[in-house]
Every structure is written in C-alpha cells, then in structure tokens.
Amino acid sequence: MDNFRASAPRVAVFRKEHFNAAHRLNNPNWSDEKNTRVYGKCNNPNYHGHNYELIVQVIGPVDDETGYVIDMKLLGDLIKEHVTDRFDHKNLNLDTEEFADLNPSAENIAIVIYNILRNQLNEGLDLKIRLYETERNFVEYPV
C-alpha cells in the first residue's frame, strides 16, 4: 500500500459481515433491581442473542498499481479470522476473553472490533466500525 501519490484521492470502501452471539448486560456493582431497571430484558440472567450486522469501513488513498484502497478479499479474510471466527455463535460474556470483565454492549463490542482490526491494517488507512444489534439499533466507532 505504498504505491500512492500524496495527493491521491481518498476513498471509503465497505465490507459487510454477519455474526450471531449471545450476551447479558449486567453491572456486577449494582443490585439486581438496578440492573433490571437499567438494562431491562437485556439483563436476562439466561442471556439473549442478536444477529449482528457488521460494516467495516476502510478509508484511504487508491493505490496506483492495484487501483485498490485495500484488497476486499484480504479485508474479508481479516474480519473472518479476527472477528467472526472469534465471536460467531459465542456467548460473549462466557466464551470470550474480551468481555470477561467488559459489559458487552453494542458500543463496547464496536470498540473491541475496532481495536482488533486496527492492529491488522496499514496505519495509513482509517477505519470505522458500524455494528447493527437490531435493524433499528446500531452504533458507530469512532465518530
């Protein structure tokens, strides 16, 4: 990704992926009543699941030789290896080290995914994560 002009136009490319995961929103420092009041059904002690839609946006200059910002096959492989294989069909609270002590809210999941993928990309590329927990509820990081 070193074959671009300093004045090369920056383009955003997007890769959409999907994973299913269960979680429970719970603050162990709060009473059961407060957790229920704040998190409602999301505090179900038996957990609940979502069909997450993940959109990974990579922004950068177009490489003179390839015509790519990033090879989309490479991006898809990175997401699969580092995100979907790690979180798909998992209980985020119980089965992942990332959420052993971190409340797996959509906001925190997006930040974790960002940090995982940020380490895999050329530093000259910008990254943004959009995570849909439901069709109507989604988060974006960073803003």
Side-chain angles (χ1 to χ4, degrees), residues 1-30 34-143:
M1 186 57 211
D2 295 332
N3 298 312
F4 60 90
R5 299 175 310 281
S7 62
R10 293 173 54 81
V11 175
V13 297
F14 301 82
R15 176 75 182 199
K16 185 175 181 181
E17 296 291 345
H18 176 89
F19 65 96
N20 301 312
H23 70 160
R24 178 185 187 206
L25 300 183
N26 187 69
N27 185 329
N29 299 317
W30 293 350
K34 184 170 182 179
N35 272 296
T36 299
R37 186 173 67 252
V38 171
Y39 297 122
K41 294 186 292 184
C42 294
N43 182 246
N44 183 338
N46 295 316
Y47 306 91
H48 68 283
H50 292 284
N51 300 317
Y52 291 98
E53 293 291 337
L54 172 64
I55 299 175
V56 175
Q57 178 182 1
V58 177
I59 305 113
V62 176
D63 183 283
D64 284 339
E65 291 182 5
T66 65
Y68 293 159
V69 170
I70 186 172
D71 182 325
M72 295 301 274
K73 170 77 167 88
L74 171 65
L75 181 59
D77 290 346
L78 289 172
I79 296 166
K80 180 181 182 329
E81 177 182 351
H82 297 284
V83 178
T84 56
D85 285 352
R86 182 181 259 161
F87 298 137
D88 190 37
H89 285 83
K90 299 289 188 335
N91 180 315
L92 298 177
N93 302 77
L94 302 177
D95 300 334
T96 67
E97 63 184 54
E98 292 83 1
F99 298 104
D101 298 312
L102 180 64
N103 214 359
S105 64
E107 294 88 341
N108 283 334
I109 297 167
I111 293 168
V112 165
I113 292 171
Y114 173 90
N115 289 333
I116 290 168
L117 292 177
R118 178 71 269 168
N119 291 329
Q120 303 302 318
L121 296 176
N122 179 307
E123 63 185 41
L125 298 173
D126 293 327
L127 174 66
K128 186 172 277 193
I129 301 299
R130 179 177 285 183
L131 182 69
Y132 285 82
E133 190 173 70
T134 70
E135 284 184 11
R136 294 180 296 216
N137 296 336
F138 63 94
V139 298
E140 196 170 76
Y141 180 79
V143 292

Non-neighbouring partners of Lys41 that pass salt bridge (charged side-chain N to carboxylate O under 4.0 Å, His left out), sequence neighbours left out:
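In terms of salt bridge (charged side-chain N to carboxylate O under 4.0 Å, His left out), with neighbours along the sequence ignored, Lys41 is linked to no residue.
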Pairs touching residues 89-100 that satisfy side-chain hydrogen bond (donor to acceptor under 3.5 Å, both in side chains), sequence neighbours left out:
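As it turns out, the side-chain hydrogen bond (donor to acceptor under 3.5 Å, both in side chains) pairs with a partner in residues 89-100, which skip direct neighbours, are Arg86-Glu98.
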[X] [atom1] to [Y] [atom2] distance, which is reported to the nearest 0.5 Å:
X: Leu78; Y: Lys73; atom1: CG; atom2: NZ; answer: 10.0 Å
X: Leu54; Y: Leu117; atom1: CG; atom2: CG; answer: 7.5 Å
X: Ile79; Y: Leu74; atom1: CD1; atom2: CG; answer: 9.5 Å
X: Ile109; Y: Leu92; atom1: CD1; atom2: CG; answer: 5.0 Å
X: Thr84; Y: Ile113; atom1: OG1; atom2: CD1; answer: 9.5 Å
X: Asn27; Y: Asn43; atom1: CG; atom2: CG; answer: 10.0 Å

For Val69 and Ile59, run side-chain contact (heavy atoms from CB on, under 4.5 Å): C-alpha distance rounded to whole Å, both residues' side-chain angles, the deciding distance at 0.1 Å, then the answer.
CA-CA 7 Å; Val69 170; Ile59 305 113; over 6 Å; no
Partners passing side-chain hydrogen bond (donor to acceptor under 3.5 Å, both in side chains) against [X] (at least two apart in sequence or in another chain):
X: Asn44; result: none
X: Arg130; result: Glu140
X: Asp85; result: Lys80
X: Gln120; result: His82

If a pair satisfies salt bridge (charged side-chain N to carboxylate O under 4.0 Å, His left out) and one of its residues is in residues 111-126, list it, with sequence neighbours excluded.
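Salt bridge (charged side-chain N to carboxylate O under 4.0 Å, His left out) check on residues 111-126 returns Arg10-Asp126.
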Which residues pass the ring pair (Phe, Tyr, Trp, His ring centres under 6.0 Å) test with Tyr47, not counting sequence neighbours?
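So Tyr47 forms no ring pair (Phe, Tyr, Trp, His ring centres under 6.0 Å) with any residue.
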Validation: residues 11-21 side-chain donor-acceptor distances under 3.5 Å, sequence neighbours left out:
{"residue": "Arg15", "atom": "NE", "partner": "Glu17", "partner atom": "OE2", "Å": "2.7"}
{"residue": "Arg15", "atom": "NH2", "partner": "Glu17", "partner atom": "OE2", "Å": "3.0"}
{"residue": "His18", "atom": "ND1", "partner": "Tyr52", "partner atom": "O", "Å": "3.2"}
{"residue": "His18", "atom": "ND1", "partner": "Glu53", "partner atom": "OE2", "Å": "2.8"}
{"residue": "His18", "atom": "NE2", "partner": "Asn20", "partner atom": "OD1", "Å": "3.0"}

Heavy-atom count check: over 12 atoms from other residues, nucleotides or ligands less than 6.0 Å from Asn119 CG?
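Enclosed: over 12 neighbouring heavy atoms sit under 6.0 Å from CG of Asn119.
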Name the one of Ile111, Ile129, Leu131 that satisfies side chain to side chain contact (heavy atoms under 4.5 Å, CB included) with Val139?
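For Val139, the side chain to side chain contact (heavy atoms under 4.5 Å, CB included) check succeeds only for Leu131.
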Apply side-chain contact (heavy atoms from CB on, under 4.5 Å) to Asn103 and list each qualifying residue two or more places apart in sequence or on a separate chain.
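Testing Asn103 for side-chain contact (heavy atoms from CB on, under 4.5 Å), a comparison that skips the adjacent residues, returns Leu25, Tyr39, Asn108.
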Residues that Thr66 engages under side-chain contact (heavy atoms from CB on, under 4.5 Å), provided they are two or more places apart:
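Partners of Thr66 under the side-chain contact (heavy atoms from CB on, under 4.5 Å) test: Asp63, Tyr68.
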Starting from the C-alpha separation in whole Å, work towards a yes-or-no answer on side-chain contact (heavy atoms from CB on, under 4.5 Å) for His23 and His48.
CA-CA 6 Å; His23 70 160; His48 68 283; 3.1 Å; yes
Restricting to non-hydrogen atoms, name the atom on Gly124 and the atom on Pro61 that form the minimum distance, rounded to 0.1 Å.
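Shortest heavy-atom separation between Gly124 and Pro61 comes out as O-CD, 4.4 Å.
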Show the nearest heavy-atom pair for residues Lys128 and Pro142, with the distance to one decimal.
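Taking Lys128 first and Pro142 second, the nearest heavy atoms are CE-O, 3.0 Å.
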Pairs involving residues 108-129, ordered by first then second residue, that meet ring pair (Phe, Tyr, Trp, His ring centres under 6.0 Å) (sequence neighbours left out):
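Sorted pair list: Tyr114-Tyr141.
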With side chains defined as the heavy atoms from C-beta onward, is the minimum distance between Lys34 and Val38 less than 4.5 Å?
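Contact flag for Lys34/Val38 side chains = yes.
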